[in-house]
Participant: 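I have a structure I would like to understand better, so I am pasting it below and will then ask my questions one at a time.
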Amino acid sequence: MNRDTSRDLYDRALGVLPGGVNSSVRAAPQPYPTFVRKGDAGRVVDADGNKYVDWVMGLGPLLLGHDVPESVQSAIQRRASEGPMYGMPTEVEVEHAEFIARHVPSVEMVRFVNSGTEATVSAVRLARGYTGRDKIVVMESGYHGAQESTLVEGGGEGATPSSPGIPESFAEHTLTVPFNDEEAASEVFAEHGDDIAAVLVEPILANKGIVEPEAGYHETLRDLTEDHGALLVFDEVITGFRVGGLSCAQGEYGITPDLTTFGKVIGGGFPIGAIGGRTEIMEEFTPSGDVFQAGTFSGHPVTMAAGLETLTYAAENDVYEHVNSLGERLRDGLRDVVAERAPAYSVVGTDSLFKVVFTRDGEAPRNGADVGRANVQRWNRVFRPEMREAGIMLSQNQFESQFVSASHTETDVEETIEAYRDAL
Ligand SMILES: *Cc1c(COP(=O)(O)O)cnc(C)c1O
């Protein structure tokens, strides 16, 4: 496979972009990442003209894949041709917020922002402002974007910033607990209950392998937060409008969080984030309340049109049936392959999320630390490059989720299962 153009582009990129990329994970593949020329249904074509089945799908946003339906394309083009944005409100923002509020029971009001990171930053500020408390509880190995309060490592009260450039004082207000550990959650509330503004949790850990909640776990978080006057914030940036269809993961699990952060799918491939929740809490945001929140590009009309038309298309067509059933076939097929070729590994995921985690003992991971013990070296150095050579583009590291889109076909699934069989 000739990849000279990708190599040359990366060589140039290293001169002008730190690490040659604009988001770190893109540079994970060694020795250089694949540069994309264009998408084609469930596949991508790279800068050298090679074609791959694409399970990266923008790292989550592309529910419909690269084969964008006519209605979505024309909405985007119409908006873009009418002047891209105004700094004044537009009808499409109201319509998009109404769509979300109609389908997600916990959401009465929405504030749109421009990324998942911005959504979690604003949600944490809102929770702190609303409760008058400083501490937040997050999961070890949970991911909430590139925000100061949640980029922490280490357990419990010993959490420290996981990146230079973040003052220790940010981590002082962040308490970490392992996912799926009800006892640890109870303990943290027993000790700090009066100071905790919120628990911020991905309903499914989807940035460190894919770890599903055990029965009762989110109910425990719901009870603890309610009992102690803290907010439960579901970070549905990945799971929103992907897991559990239009009612999101919270609908699937029957949990009503106080606040929800969204991103990825709701922008139809354009930059977006959103915070949603009850009116009483949401109206604490400026200008109705005092918790400052603002953004030049927030509610961008092109993004709003792309997101709303994408969700409308999904609601009116059998998108979730399609992606979930292909996801099921992939996971079933991969389970057979793993049983035969690598019984220590674990096939994880639900709905349109899937991954094979290179666990060492055949035990499905219960939390981020379990995923962290996987055979990352084999995945990075041997397995992923072989899959790429076979025309299958997997996410850039062992931990990121992989995504089925409406553009994928049974052929994509069969080819992928066969490639796993050969490469494992
Ligand atoms: C992707 C992601 C974010 C960050 O979103 P960005 O748009 O990359 O800033 C936050 N939380 C979760 C759960 C995510 O998957």
Side-chain angles (χ1 to χ4, degrees), residues 39 41-42 57-86 89-116 119 234 236-252 260-277 282 297-327 351-353 403-409:
M57 280 296 156
L59 286 163
L62 304 182
L63 178 63
L64 303 181
H66 303 296
D67 195 2
V68 181
E70 186 57 41
S71 61
V72 182
Q73 279 192 46
S74 67
I76 294 167
Q77 279 158 16
R78 196 172 59 248
R79 278 288 157 190
S81 72
E82 289 168 350
M85 51 83 74
Y86 317 105
T90 54
E91 183 177 3
V92 67
E93 298 164 62
V94 184
E95 288 177 336
H96 198 333
E98 285 171 346
F99 185 100
I100 295 175
R102 193 157 63 242
H103 288 97
V104 186
S106 72
V107 174
E108 294 171 355
M109 287 195 161
V110 178
R111 170 65 54 90
F112 288 110
V113 293
N114 305 292
S115 68
F234 263 21
E236 295 230 40
V237 171
I238 276 192
T239 54
F241 296 94
R242 179 173 289 281
V243 173
L246 296 170
S247 68
C248 308
Q250 56 194 268
E252 178 85 12
T260 303
T261 51
F262 299 97
K264 298 192 170 122
V265 169
I266 68 163
F270 290 81
I272 198 163
I275 308 96
M282 291 295 294
F297 292 108
S298 296
H300 193 287
V302 179
T303 304
M304 291 289 108
L308 178 61
E309 285 302 327
T310 294
L311 295 180
T312 303
Y313 183 89
E316 292 174 356
N317 296 275
D318 60 355
V319 166
Y320 293 109
E321 289 85 337
H322 178 83
V323 296
N324 293 351
S325 80
L326 285 188
D351 294 30
S352 56
L353 303 175
F403 303 91
V404 183
S405 77
S407 297
H408 282 116
T409 63

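Remember, it's a predicted structure, so these values are computed and weren't measured experimentally.
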Participant: Rounded to the nearest 0.5 Å, how far does CD of Glu108 lie from CD1 of Ile100?
Facilitator: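 It comes to 14.0 Å.
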Participant: Do Thr90 and Glu93 have side-chain atoms, one donor and one acceptor, less than 3.5 Å apart?
Facilitator: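 The criterion, which ignores hydrogens and geometry beyond distance, is satisfied for Glu93 and Thr90.
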Participant: When rounded to the nearest 0.5 angstrom, what is the spacing between CD in Glu70 and OH in Tyr313?
Facilitator: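 Separation between the atoms: 11.0 Å.
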Participant: Which atom names give the shortest non-hydrogen contact between His322 and Ala406, and what distance separates them?
Facilitator: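 Smallest heavy-atom distance, with atoms named: NE2-O, 3.4 Å.
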Participant: State, to 0.1 Å, how close Gly269 and Leu62 come at their nearest heavy-atom pair, and which atoms those are.
Facilitator: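 That closest heavy-atom pairing would be CA-CD2, 3.8 Å.
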Participant: Between Glu236 and Gln250 (side chain of the first, backbone of the second, donor and acceptor by atom type, cut-off under 3.5 Å), is there such a pair?
Facilitator: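 At least one qualifying donor-acceptor pair exists.
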Participant: For Leu64, does its backbone N or O pair with a side-chain atom of Ser407 as donor and acceptor, under 3.5 Å?
Facilitator: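 Yes, the answer is positive, given that a donor and an acceptor are paired below the 3.5 Å cut-off.
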Participant: Out of curiosity, Ile272 CD1 to Phe262 CZ, how far, rounded to the nearest 0.5 Å?
Facilitator: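 Separation between the atoms: 10.5 Å.
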Participant: Under 6.0 Å between ring centres: does that hold for His96 and Phe112?
Facilitator: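 Close enough - the centres of the two rings lie under 6.0 Å apart.
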Participant: Could you measure the distance from the CZ atom of Arg242 to the OH atom of Tyr320? Nearest 0.5 Å is fine.
Facilitator: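 Between atom CZ of Arg242 and atom OH of Tyr320 there are 8.5 Å.
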Participant: Can you see which heavy atom on Ala119 is nearest to which on Thr261, and at what distance?
Facilitator: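 Closest heavy-atom pair between Ala119 and Thr261: O-CG2, 3.5 Å.
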Participant: State, yes or no, whether a side-chain contact exists between Val265 and Leu311 at a heavy-atom distance under 4.5 Å.
Facilitator: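 Yes, their side chains come closer than 4.5 Å.
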Participant: Test Glu309 against Gln73 for side chain to side chain contact (heavy atoms under 4.5 Å, CB included), laying out the working first.
Facilitator: CA-CA 9 Å; Glu309 285 302 327; Gln73 279 192 46; over 6 Å; no
Participant: Please check this pair: side chain of Asp351 against backbone of Gly327, looking for a donor-acceptor N/O pair closer than 3.5 Å.
Facilitator: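 Pair absent, no side-chain N/O of Asp351 close to backbone of Gly327.
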Participant: Do the side chains of Ser352 and Phe403 get nearer than 4.5 Å, heavy atoms only?
Facilitator: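 No, side chains not in contact.
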Participant: Locate the shortest heavy-atom distance separating Ser405 from Val323; write the atom from each residue and the value.
Facilitator: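 Heavy-atom minimum between the residues: C-CG1, 3.3 Å.
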Participant: Which heavy atom of Ser247 sits nearest a heavy atom of Glu252, and at what distance?
Facilitator: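 Looks like OG-N, 4.2 Å.
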Participant: If we only count heavy atoms from C-beta on, is the Phe241 to Thr310 side-chain gap below 4.5 Å?
Facilitator: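 Sidechains of Thr310 and Phe241: no contact.
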Participant: Is there a donor-acceptor pair under 3.5 Å between the side chain of His300 and the backbone N or O of Phe297?
Facilitator: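 Pair absent, no side-chain N/O of His300 close to backbone of Phe297.
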Participant: Can you tell me how far the NE2 atom of His408 sits from the CG atom of Leu326, to the nearest 0.5 Å?
Facilitator: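 Going from the NE2 atom of His408 to the CG atom of Leu326 covers 8.5 Å.
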Participant: Around Glu321, counting heavy atoms of other residues, nucleotides and ligands shown, do more than 12 lie under 6.0 Å from its CD?
Facilitator: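 Above 12, so yes.
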Participant: Please give me the minimum heavy-atom distance between Arg79 and Ala305, naming the atom from each residue.
Facilitator: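 Smallest interatomic distance, heavy atoms only, reads CG-CB, 3.4 Å.
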Participant: Going from CG on Leu246 to OG1 on Thr312, what distance comes out if it is rounded to the nearest 0.5 angstrom?
Facilitator: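 The OG1 atom of Thr312 is 9.5 Å from CG of Leu246, to the nearest 0.5 Å.
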Participant: Less than 4.5 Å apart, any side-chain heavy atom of Thr260 and any of Ile275?
Facilitator: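 Side chain of Thr260 against side chain of Ile275, heavy atoms only: no contact under 4.5 Å found.
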